[in-house]
Amino acid sequence: MKYAMTILVTVRVALICKATRQLAQSGAHVVMAVRNTKAAQELIQKWQVDSEGLSIPLNVEVMQVDLLSLDSVTRFAEAWNARSAPLHVLINNAGIFSIGEPQKFSKDGYEQHLQVNHLAPALLSILLLPSLIRGSPSRIVNVNSIMHHVGFVDTEDMNLTSGKRKFSSMVGYSSSKLAEIMFSSTINKRLPAESGISVLCVSPGIVQTNVARDLPKLVQAAYHLIPYFIFSAQEGARSALFAATDPQVPEYCEMLKADEWPVCAFISQDCRPANPSEEAHNVQTSYEVWEKTLEMIGLPSDAVERLLDGEEVKCRYGQEQ
């Protein structure tokens with residue numbers, strides 16, 4: 001199937017690189033938003049060589065963004081919207097899991113898992129609404145994790161600095177993934193059907209990617225010895241590809257919204273509708289996560305509504321000093 005669409009993918013791990021390549025091979029214009037543009041360009045050149053002889057040349061572009069800098073995310077969104085071109089699919093790949101590492105903070109002052117896995121994708125999704133409206137029917141696909149099932153979000157301590165919970169990389173990661181689902185569910189409800197924007201989360205399963213480079217040597221060895229539990233990068237990309245391209249996805253998302261289901265669509269690693277954790281269904285906490293997130297990323301509480309009305313919205317980040 002050929003896809004005459006523009007797809008923006010934030011890239012951090014191998015599974016999304018696989019998805020990017022497969023989407024490009026299907027005829028889509030794919031833009032890789034990356035921190036290391038040189039490495040991305042080299043990867044694309046390799047793909048071009050490998051794809052010689054195919055009837056469709058790969059249309060892959062690279063843009064620079066650093067998810068650990070909300071200034072960078074804001075400037076990226078401004079540059080993208082300045083194109084005045086449609087965006088059909090935004091795939092937010094939130095892939096940082098610094099296993100065994102001490103607590104670290106971005107230069108914005110936020111715990112790194114929280115910023116990369118939740119705050120930066122949330123900011124990008126909202127700021128790109130004008131382009132997603134131009135691309136309607138369009139989709140926001142958030143690559144999530146089964147680890148959200150063990151997450152818990154305290155909206156008074158999303159940055160995990162109060163000491164009420166002892167920090168570990170697992171706490172940081174799982175909490176950020178749960179926050180992402182809660183935020184996704186709330187923005188999904190705030191986007192009217194006529195906007196034509198579907199919001200959903202996907203689980204790639206447990207995927208063997210370069211996240212293993214952060215593991216202790218002994219754990220790395222065990223990580224590679226359980227192939228029956230771990231998908232390859234190509235297998236892990238299936239759910240994101242499905243969510244980005246399957247023609248029945250918008251109808252499913254709209255059905256859940258019409259039924260006032262408390263959470264947004266969630267697609268499992270086997271590309272089937274799934275139910276996220278019981279905590280993800282907590283409507284009150286989800287709304288509190290929404291409000292707190294907007295405060296943390298420097299947007300007004302009515303940002304979505306104003307952008308849908310065609311108004312300009314200023315973010316606290318990305319402003320000239």
Side-chain angles (χ1 to χ4, degrees), residues 1-37 39-63 65 80 85-95 121 124-125 128 132 135 137-146 198-212 227 230-250 252-253 265-274:
M1 183 179 294
K2 307 297 186 292
Y3 304 107
M5 58 172 64
T6 297
I7 301 174
L8 172 61
V9 189
T10 58
V11 179
R12 291 188 67 88
V13 296
L15 73 95
I16 294 299
C17 289
K18 292 286 186 180
T20 301
R21 180 175 182 174
Q22 291 178 56
L23 288 166
Q25 289 175 336
S26 298
H29 169 216
V30 183
V31 181
M32 297 171 64
V34 301
R35 183 170 56 180
N36 187 339
T37 56
Q41 292 287 7
E42 291 173 351
L43 182 61
I44 292 171
Q45 289 176 5
K46 181 179 183 302
W47 290 350
Q48 297 285 8
V49 171
D50 294 342
S51 299
E52 287 182 0
L54 294 180
S55 57
I56 303 175
L58 299 186
N59 185 5
V60 185
E61 185 182 347
V62 173
M63 293 179 67
V65 68
W80 183 281
L87 174 60
H88 301 101
V89 182
L90 167 62
I91 302 178
N92 285 310
N93 167 47
L124 189 61
S125 297
L128 289 179
L132 287 161
S138 53
R139 312 177 191 194
I140 299 173
V141 178
N142 292 319
V143 179
N144 202 260
S145 169
I146 58 174
S198 302
V199 182
L200 63 159
C201 293
V202 302
S203 171
I206 303 175
V207 183
Q208 186 169 327
T209 67
N210 56 5
V211 70
I230 297 182
F231 292 149
S232 67
Q234 185 166 358
E235 291 169 330
R238 290 179 304 191
S239 57
L241 287 167
F242 175 86
T245 61
D246 187 86
Q248 293 183 323
V249 163
Y252 176 62
C253 292
F266 190 90
I267 304 299
S268 69
Q269 60 268 22
D270 57 2
C271 302
R272 296 180 181 180

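One is the number of the first residue; the rest follow in order along the sequence.
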Query raised in the report: Hey, are the side chains of Gln25 and Arg21 touching, using non-hydrogen atoms and a 4.5 Å cut-off?
Result: yes

Query - Heavy-atom closest contact (Ala40 atom, Val34 atom, distance) - result: CB-CG2, 3.9 Å

Requested in this report: Kindly say whether His29 contributes a backbone atom to a donor-acceptor pair with the side chain of Glu61 at under 3.5 angstrom?
Outcome: no

Query raised in the report: Can you name the closest pair of heavy atoms from Cys201 and Asn144 and give their distance?
Result: CB-CB, 4.2 Å

Report task. Have a look at Val9 and tell me which of Leu90, Val141, Thr20 forms a side chain to side chain contact (heavy atoms under 4.5 Å, CB included) with it. Result -> Thr20

**Report entry** Heavy-atom pair of closest approach, residues Val65 and Ala33
**Finding:** CG1-CB, 3.6 Å

Query raised in the report: Distance from Met63 atom CE to Thr37 atom OG1, nearest 0.5 Å?
Result: 11.5 Å

Query raised in the report: Do any N or O atoms from the side chain of His88 and from the backbone of Ile7 form a donor-acceptor pair under 3.5 angstrom?
Result: no

Query - Asn92 side chain near Ser125 side chain, heavy-atom distance below 4.5 Å - result: yes

**Report entry** Min side-chain heavy-atom separation Asp246-Tyr252 under 4.5 Å
**Finding:** no

Query raised in the report: Is Leu23 close to Ile91 at the side-chain level, that is, under 4.5 Å between some pair of heavy atoms?
Result: yes

Report task. Could you tell me the separation between the CZ atom of Phe242 and the CD atom of Gln248, rounded to the nearest 0.5 Å? Result -> 7.0 Å

Query raised in the report: Which value, rounded to the nearest 0.5 Å, describes the distance between Ile267 atom CD1 and Leu241 atom CG?
Result: 13.0 Å

Query raised in the report: Do you know the tightest heavy-atom contact between Pro86 and Gly135?
Result: CB-CA, 3.5 Å

Query - Close side-chain approach of Leu87 and Ser138, heavy atoms under 4.5 Å - result: no

Query raised in the report: Looking only at heavy atoms, what is the nearest atom pair of Ala240 and Val143, with distance?
Result: CB-CG2, 4.4 Å

Query raised in the report: Are Ile146 and Gln269 close enough that some pair of their side-chain heavy atoms sits under 4.5 Å apart?
Result: yes

Query - For the student: nearest non-hydrogen atoms of Ser268 and Ser239, plus distance - result: O-CB, 3.4 Å

Query raised in the report: Has the side chain of Arg139 got a donor or acceptor atom that lies under 3.5 Å from a matching backbone atom of Leu200?
Result: no

**Report entry** Any Leu8 side-chain heavy atom under 4.5 Å of Leu128 side chain
**Finding:** yes

